[in-house]
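Here the structure is laid out as structure tokens; the discussion comes afterwards.
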Amino acid sequence: MFDVVIAGAGPNGLMLACELALSGVRPVVLERLAEPDDKQRANGLVGQVIRMLDRRGLYERLTEPGATPEPAARYMFGAFPLELADLPENSLSTLLVPQRRVERMLAERAAELGVRVLRDHEVTGLKQGTDSVLVELRDREPIEAAYLVGADGGHSTVRKLSGIEFPGVTADDSVSYSGHVHVAAEYIGANNELVVPGFGTVPPFRHLRTEHGMITWAPSLDGKSMLNTMEWGLPAEGEASLAELRASVSRVLGAELPLEPPTGPEPHLLRRLFGGNTRIAQRYRAGRVLLLGDAAHVHSAIGGPGLNLGLQDALNLGWKLAAQLHGTAPAGLLDTYESERAPAARRVAMHTQAQALLIRPGADVTALRELFGELLAEPVNRGHLADLLSGADIGYDMGPASGPLVGRLAPDLPGLRELTRTGRPLLLDPSGKLDMGPWSALVDTATVAGLDTALLLRPDGYVAWQGDTAEGLREALGTWFVTG
């Protein structure tokens with residue numbers, strides 16, 4: 001019997017598998033597809049999760065050895081440019097890397113940690129017992145585990161089989177076209193912007209709203225260039241085509257842009273999508289079944305929050321599930337996965353819905369955008385949006401613990417990225433004198449520069465306690481860990 005079965009070998013499922021393996025748990029990952037899906041999905045990472053990937057030693061695997069995250073000088077919100085370079089504090093980091101590269105990196109890391117990934121294994125049923133879950137598979141023998149985690153996407157089979165409702169709203173009046181394209185060099189400016197005669201410029205990697213729709217231009221991402229448009233109230237049928245994308249670009253810009261078929265190795269993306277969903281699972285847990293990532297929440301992709309939200313779900317759930325299996329979890333610890341991460345999902349649902357309204361065409365939206373643009377002139381408002389997009393505005397309830405850093409992701413400190421690679425709890429004690437008593441075997445201890453008081457970090461990098469007394473430390477330790 002396995003400790004945990006994870007349904008879904010996407011980034012979220014693989015991240016959870018890595019976290020569990022770091023904690024000495026035996027997971028197995030089941031994937032319906034026989035081969036990795038090479039379709040174009042997310043174009044990059046944004047937010048707090050970049051700092052956590054760095055603290056697991058994974059950021060440099062997507063960049064170069066020794067690289068560390070830096071705050072982004074600019075981003076976007078609802079097709080507005082969001083200038084961040086002048087902010088006194090900027091929580092927003094970005095990493096422009098295709099999702100399939102993130103997935104490959106996490107698959108390699110999971111293999112290094114001894115995680116088994118079984119492809120062509122489709123979950124068809126589940127039966128919960130007192131101490132385990134029996135996972136039924138198509139044309140294969142069932143697999144038993146102590147817990148089952150559904151990381152199998154927005155149409156999650158695990159969620160449906162567990163009887164968890166998925167309430168929310170569906171918007172069905174928009175259509176988006178996406179495709180890899182080749183654009184002649186004469187239409188590309190010195191900074192990779194599109195130069196469109198009769199319209200002007202379309203900046204790279206930004207949402208640009210016009211009175212007729214929205215367009216996004218991503219030049220040479222992973223060796224391919226992609227155009228995306230969104231319009232409203234236009235029915236379409238049949239197979240998506242390059243001619244259809246070309247016509248949509250013309251309508252949105254009010255000018256012609258010659259588009260040619262993409263060059264380079266396949267697969268080449270060309271798709272049409274209607275509408276979208278914003279839904280959050282009614283609960284994240286049903287007995288020994290838990291939901292992760294898109295299985296627990298779906299929303300608009302605008303602003304790129306999906307991987308930030310899902311991968312942080314995995315970081316939050318991993319250590320708690322491992323503690324439950326090891327017998328070091330206090331009563332109710334596993335339930336804090338939902339109480340901490342569901343509010344984060346609601347924040348993302350809120351701001352993606354707000355952005356979706358800001359990009360719509362029409363004079364009323366234009367008036368709203370004029371007012372919103374005035375608000376963005378104030379640094380405090382841009383800082384607020386940066387925290388919202390990064391997830392830095394989320395603070396967890398840490399019970400009796402107090403302090404300005406408690407409940408927040410630990411700040412960047414010298415040496416911290418090396419100390420957190422094990423995935424263990426960590427006490428940063430500048431005095432070197434705090435006694436953890438019976439918890440000393442469970443928690444690593446280190447001294448780092450730049451601290452006035454001690455910090456107790458959970459394995460997911462969030463501060464569980466801040467202070468300078470052994471009594472306060474032990475109270476916090478008892479809240480989050482038992483000694484077995």
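Each residue takes its place number in the sequence, starting with 1. Small disclaimer: the values here were computed from a predicted structure and weren't measured.
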According to side-chain hydrogen bond (donor to acceptor under 3.5 Å, both in side chains), does anything in residues 394-409 pair up with another residue at least two apart or in another chain? List the pairs.
Arg341-Tyr396
What pairs of residues pass the side-chain hydrogen bond (donor to acceptor under 3.5 Å, both in side chains) test when at least one of them lies in residues 4-27, not counting sequence neighbours?
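Residue pairs passing side-chain hydrogen bond (donor to acceptor under 3.5 Å, both in side chains), neighbours aside: Glu19-Arg56.
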Mutual orientation of the aromatic rings belonging to His268 and His180 [parallel < 30°, tilted 30-60°, perpendicular > 60°]:
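If you compare the ring of His268 with that of His180, the planes turn out perpendicular.
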Quick one: side-chain hydrogen bond (donor to acceptor under 3.5 Å, both in side chains) partners of His299, sequence neighbours excluded?
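Not a single residue meets the side-chain hydrogen bond (donor to acceptor under 3.5 Å, both in side chains) criterion with His299.
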For Asp435, enumerate each residue passing the side-chain hydrogen bond (donor to acceptor under 3.5 Å, both in side chains) test, keeping only those at least two apart in sequence or located in another chain.
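Only Arg474 meet the side-chain hydrogen bond (donor to acceptor under 3.5 Å, both in side chains) criterion with Asp435.
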Quick check on side chain to side chain contact (heavy atoms under 4.5 Å, CB included): which of [options] does [X] satisfy it with?
| X | options | answer |
| --- | --- | --- |
| Arg458 | Asn316, Leu315, Leu426 | Asn316 |
| Leu45 | Leu53, Thr94, Leu96 | Leu53 |
| Arg138 | Arg32, Glu122, His121 | Glu122 |

Check ion pair Asp120-Arg140 (N to O, under 4.0 angstrom)
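Here Asp120 pairs with Arg140 in a salt bridge, since their nearest N and O are under 4.0 Å apart.
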Are Glu136 and Lys127 close enough for a salt bridge, meaning some N to O gap below 4.0 Å?
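Counted as a salt bridge, because a side-chain N and a carboxylate O are separated by less than 4.0 Å.
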Please determine whether side-chain contact (heavy atoms from CB on, under 4.5 Å) holds for the pair Val443 and Leu477, giving the CA-CA distance in whole Å, both sets of side-chain angles, and the decisive distance to 0.1 Å.
CA-CA 9 Å; Val443 182; Leu477 286 165; 3.8 Å; yes
Taking Glu475's backbone N and O only, do any of them form a donor-acceptor pair with Thr479's side chain (distance below 3.5 Å, no angle check)?
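Checked: pair present.
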Mind jotting down which residue pairs meet the ring-ring contact (aromatic ring centres under 6.0 Å, His included) criterion with at least one end in residues 275-295? Sequence neighbours excluded, please.
Tyr284-Tyr337
According to ring-ring contact (aromatic ring centres under 6.0 Å, His included), does anything in residues 131-166 pair up with another residue at least two apart or in another chain? List the pairs.
none
Walk me through it: do Asp335 and Arg283 pass the test salt bridge (charged side-chain N to carboxylate O under 4.0 Å, His left out)?
CA-CA 10 Å; Asp335 292 326; Arg283 50 197 170 121; over 6 Å; no
For the pair Arg109 and Glu112, evaluate salt bridge (charged side-chain N to carboxylate O under 4.0 Å, His left out) and give the outcome as yes or no after the intermediate values.
CA-CA 5 Å; Arg109 178 57 174 155; Glu112 292 170 3; 3.2 Å; yes
Can you give me the closest heavy-atom contact between Asn90 and Ala72, atom names plus distance?
ND2-O, 2.7 Å
Minimum heavy-atom separation for Ala454 and Leu427, please, with both atom names.
CB-CD1, 4.4 Å
Between Arg61, Arg421, Arg417, which is the residue that forms a salt bridge (Lys or Arg N to Asp or Glu O under 4.0 Å) with Asp54?
Arg417
Does Leu419 form a side-chain contact (heavy atoms from CB on, under 4.5 Å) with Leu428? I'd like the steps, not just the answer.
CA-CA 10 Å; Leu419 294 169; Leu428 301 176; 4.1 Å; yes
Where do Arg279 and Thr170 land on the side chain to side chain donor-acceptor pair (under 3.5 Å) test, with the steps shown first?
CA-CA 8 Å; Arg279 299 182 179 277; Thr170 297; 2.8 Å; yes
Starting at CD1 of Ile359, measure out to NE2 of His207 and round the result to the nearest 0.5 Å.
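Answer rounded to 0.5 Å: 7.0 Å.
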Cut-off 3.5 Å, side chains only: do Gln312 and Asn308 have a donor facing an acceptor?
yes
